[in-house]
Each structure stands twice: as C-alpha cells, then as structure tokens.
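First comes the structure, then the notes that go with it.
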There are 2 protein chains.
Amino acid sequence: MTQTQILSKNQQIVLDIIEKAKEPLKAYSILFNVQKKGIKAPLQVYRALEKLIKLGKIHKVESRNAFVACKNSYCRISKATAFSICESCEKVTEINNSKISKYLSNFEDNTGMTYKKYNLEFFGLCKKCR
Amino acid sequence: MTQTQILSKNQQIVLDIIEKAKEPLKAYSILFNVQKKGIKAPLQVYRALEKLIKLGKIHKVESRNAFVACKNSYCRISKATAFSICESCEKVTEINNSKISKYLSNFEDNTGMTYKKYNLEFFGLCKKCR
DNA sequence: ATAACAAACGTTATATTATAACACTATGTT
DNA sequence: AACATAGTGTTATAATATAACGTTTGTTAT
Ligand SMILES: [Zn+2]
Ligand SMILES: [Zn+2]
Ligand SMILES: [Zn+2]
Ligand SMILES: [Zn+2]
C-alpha cells in the first residue's frame, strides 16, 4: 500500500514551480506557468496556495503579493515569518534568525491580546544594489 | 500671510476620514465616503494615500490592504511600523514599543543588506474575542 | 510680473489580485 | 453502502491598484 499522498496534484504542481523559482512568484505568473500542466483558472492556483500556506510549505510576502517556498526552520508552520526585501532589485530572502524568532514569539503587551503569529518584513538595499 | 499648507485638498480630505475612523479603512471604502466631497475616482484616493504614507501620516496594514492613521512616536516617518491584529474582529492597533523599535531598527545580518525600514504585524485574539 | 518647474488634479481606461457560487469527483471512514 | 472531507473544474465577478493623458495650481527664480 502506497504512502498517503500529502499533496494533491494541483498543490504539488504549484509547490514545484514556487520551489524552483529564484524569486517570489505572483499568483497570475504561477497561473501562466502551469497552464501547460492543465491548470486553467485563477481559483485552482489560489486554492493550492491557500493549502500550501496552511501547511507551511510556502509563505506570502504580504507587501509584494507574492509567494515563496519556506526555507526557514524557525517559522514553524508559518507562525513566525521574517523576510528581507531589497527595494531596488526586489530580491527576497527568508530570514533565519533564532534570536528574532524567540524575541518576537515571546512578545506580550498589556492590551489583553494573545499573539499566535507574526510576520516581519525588512526593507533596504542588497549588496549589489547599494 | 497664511502658513504654507502642507496637505493638498484631496490629501486633507482623505486624512480626515482615516483619522476619524476607528478601524483601518480600505481604499474603496474611503472613495465611497469622500464622494460627497467631490473625489470621484480611485486614483484621486490612491494618490492621496501615497503621499500621506510618504509623510508618515498614515500607514498601510499590508496583510489587510487597509490604511490607518499613525499613532506611534517610534515609527519615525514610517520607517519602523508594528501592528497588532485580532484575527477574529479585525481590530488593528499600532504598537508603540520602544524596545521592539530599537531591537528591530538595529537589526543586521551578514548578507550585506542595508536595512532602512521594517514592518511587523502580530496576529492573535483580542481580549473580547478570546 | 512672468517664466520655468514641480506637484497636484481630473478623467477614462485598464491591469492586477482575489473570491463567490455551483456542480462534480476522489478518497478515506464507519 | 453511507457518510464525511477534501479537492476539482468552470464561469462569473469582486476588490485592489495603476497607466496614460492633458490641465491646473503652487513655488521659485529672475
Ligand atoms: Zn518559513
Ligand atoms: Zn538588490
Ligand atoms: Zn506610525
Ligand atoms: Zn477581537
């Protein structure tokens, strides 16, 4: 008996293309790239994205409306995500920093909020663009 | 002689409505609300928003595509923004915390990136929704 | 005052991002 | 088999945002 497949066909197709990409992909660019594989409509892409995000396989870079594969061991199913974004060339890197992760995951204030998750985006210039 | 006006007419109208609001406003909801004041097209709103963001009068809550007035002394012209977001009632509060601000503003890594700005969004449940 | 420039404006059209609704299919559990 | 859950395919539409163009207004320099 074969191992239960975790990802569906569409989910795997979308994940593959995001993992292969060197930069964050936008939903409609993903759509364009998977049309040869039979995915024809935006919803098929968005549904796959939603599931992949839930599984922590990918993240959405909110300020860019784009999606990247998870490369970080500290984000534990997308509860603690941090990105570095070059405002010139748009290079995006997931930040893998245990100190920040701990610091922010333990954040509390006196407002009565219970925090489960955060997303942090740093903006600046990369080496090349400086 | 009157003091040089900092904000244009449209900018002031848009700022007023955002400042009066108790929750983040979406661009098209702003548009709807200012139509009685003569602003008719999305672009007029988006241009005002862009300028107000540059001036640090308002911020965009990226994960919600919505806009709030700045209430924070540590974000210095929108270079260091942090928000607390209730995932149930969608209440959004700008976080005013010098420690976080200092900690993140001084963040460096060994990737060669020069950081100028960050945006942090915490997600959870507020007192009422818990 | 007037020329030159920059910023803001008004308008139409269009691009980009995302979801609603509905019927159907596949899969696993009892 | 009966049921529940997740995924699919499709069409239509909603929501968010920008391009392009010409005009107007405000500021600065001579
Ligand atoms: Zn990650
Ligand atoms: Zn760069
Ligand atoms: Zn602020
Ligand atoms: Zn709440």
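Every value quoted in this text rests on a predicted model; they were computed, and no experiment measured them. All heavy atoms count here, side chains included; hydrogens, waters and symmetry mates do not. Letters A, B, ... are given to chains in the order of the sequence lines, protein chains preceding strands, and every chain is numbered from 1.
By the side chain to side chain donor-acceptor pair (under 3.5 Å) test, R47(A) is found to be paired with no residue, residues two or more places apart in sequence or in another chain being considered. Here E50(A) pairs with nothing under the side chain to side chain donor-acceptor pair (under 3.5 Å) rule; sequence neighbours left out.
N65(A) has its CG atom 9 Å from the C1' atom of dT16(D), to the nearest Å. Taking atom CZ of R64(B) as the reference point, atom P of dA18(C) lies 13 Å away to the nearest angstrom. Note: CG (L31(A)) to P (dT19(C)) measures 15 Å, nearest angstrom. Distance F32(B) CZ to dT16(D) P: 14 Å, rounded to the nearest Å. For the pair K54(A) NZ and dT5(D) P, the computed distance is 14 Å after rounding to whole Å. Summarising the geometry, the separation between CG on L25(A) and P on dT17(C) is reported as 12 Å, rounded to the nearest angstrom. Across the protein-nucleic acid pair, K60(A) atom NZ and dT16(C) atom C1' stand 12 Å apart, rounded to whole Å. Between the CG atom of L52(B) and the C1' atom of dA7(C) there is a distance of 14 Å, given to the nearest Å.
Among residues at least two apart or in separate chains, side-chain hydrogen bond (donor to acceptor under 3.5 Å, both in side chains) pairs with a member in residues 113-122 of chain A are S63(A)-E121(A), T81(A)-N119(A), D109(A)-Y115(A), T114(A)-R130(B), Y115(A)-S84(B), K117(A)-E87(B), N119(A)-E121(A). Applying the ring pair (Phe, Tyr, Trp, His ring centres under 6.0 Å) definition to pairs two or more places apart or across chains, those involving residues 85-104 of chain A are Y103(A)-Y103(B). Screening residues 91-100 of chain B for salt bridge (charged side-chain N to carboxylate O under 4.0 Å, His left out), with sequence neighbours left out, gives no hits.
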How would you summarise protein contacts on nucleotides 8-15 of chain C per nucleotide, using B for base, S for sugar-phosphate only and - for none, with heavy-atom distances below 4.0 Å?
SBBBB---

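Taking side-chain N and O atoms only, Y46(B) has no distance below 4.0 Å to OP1 or OP2 of dT18(D).
Rounded to the nearest 0.5 angstrom, F122(B) CZ and S105(A) OG are separated by 8.0 Å.
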